[in-house]
Amino acid sequence: MSFAIVRAGGKQFRVEEGATLRVPLLKEDVGTSMELEVLATGADKKTKLGSPLVAGAKVTAKILDHGRASKIVVFKKKRRKHYKRTKGHRQGFTTLKIETIG
């Protein structure tokens, strides 16, 4: 079983062929394929590390959809000072399907 460590949206993910994952929002359109930066690859007992990227390694992923995560409530309060603030945040994400690791 082969795997790769890729960088997408400023974060690192361990992926396998056929897996789906959520990464921070990307600007590409739904249905397009893209190549991800490969930081490391491995299969069974062999592992290749890049510095910073693995030369010749390629991971392609298809963009399935874009969305927004559930709301996070940010609540600030200072006791006895009549101060409280409520703010919400929804992080955007892109769902990717890993097509090939090569």
Side-chain angles (χ1 to χ4, degrees):
M1 177 177 284
S2 64
F3 70 92
I5 308 288
V6 297
R7 182 170 34 209
K11 297 186 179 188
Q12 298 175 4
F13 300 93
R14 183 185 192 274
V15 296
E16 296 175 356
E17 205 165 305
T20 60
L21 71 144
R22 283 185 173 182
V23 299
L25 191 63
L26 302 173
K27 294 185 189 282
E28 284 79 12
D29 295 327
V30 174
T32 60
S33 289
M34 61 181 293
E35 287 188 20
L36 301 173
E37 297 175 335
V38 182
L39 304 173
T41 59
D44 298 329
K45 301 276 182 185
K46 297 182 209 169
T47 304
K48 274 190 186 175
L49 297 175
S51 70
L53 302 176
V54 177
K58 191 165 103 172
V59 172
T60 58
K62 183 176 183 177
I63 297 178
L64 298 180
D65 71 334
H66 299 293
R68 294 178 76 194
S70 58
K71 183 175 251 191
I72 305 284
V73 175
V74 180
F75 183 72
K76 299 178 181 181
K77 180 179 180 177
K78 295 187 189 287
R79 64 188 191 142
R80 300 187 305 269
K81 304 298 177 193
H82 197 60
Y83 172 86
K84 54 184 179 177
R85 301 285 180 265
T86 304
K87 192 167 191 162
H89 175 74
R90 291 183 70 187
Q91 184 70 40
F93 66 84
T94 300
T95 305
L96 298 177
K97 180 170 177 58
I98 305 302
E99 294 176 329
T100 60
I101 296 176

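Throughout, residue positions are numbered sequentially from 1 according to the sequence presented.
Separating the NZ atom in K97 from the CD atom in E99 is a distance of 8.0 Å, to the nearest 0.5 Å. Atom CZ of residue F3 and atom OG1 of residue T41 lie 7.5 Å apart, to the nearest 0.5 angstrom.
At least one donor-acceptor pair under 3.5 Å links the side chain of H66 to the backbone N or O of E28. Not one N or O on the side chain of K62 forms a donor-acceptor pair closer than 3.5 Å with the backbone of T32. Between the side chain of R7 and the backbone N or O of Q12, no donor-acceptor pair lies under 3.5 Å.
L39 has its side chain within reach of L53: a pair of non-hydrogen atoms, C-beta onward, lies under 4.5 Å apart. In this structure, L96 and V23 have side chains that are in contact, with non-hydrogen atoms separated by less than 4.5 Å. Residues L25 and F93 form no side-chain contact, since every pair of their non-hydrogen atoms from C-beta on lies 4.5 Å or further apart. At least one side-chain heavy atom of L21 sits under 4.5 Å from a side-chain heavy atom of V15. Between T94 and I63 there is a side-chain heavy-atom pair separated by less than 4.5 Å. A heavy-atom distance below 4.5 Å is not found between the side chains of F75 and K87. Contact annotation: the side chain of E16 never approaches that of S2 to less than 4.5 Å [non-hydrogen atoms, C-beta and beyond].
The side chain to side chain contact (heavy atoms under 4.5 Å, CB included) with K81 is formed by just one residue from the set K77, R79, K78; it is K78. A side chain to side chain contact (heavy atoms under 4.5 Å, CB included) with R68 is found for exactly one of H89, Q91, R90, namely R90.
Linking ILVMFWY residues whenever their side-chain heavy atoms come closer than 4.5 Å, directly or via other members, places I98 and V38 in the same cluster.
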side-chain hydrogen bond (donor to acceptor under 3.5 Å, both in side chains) between T100 and T60, intermediate numbers included = CA-CA 5 Å; T100 60; T60 58; 2.6 Å; yes
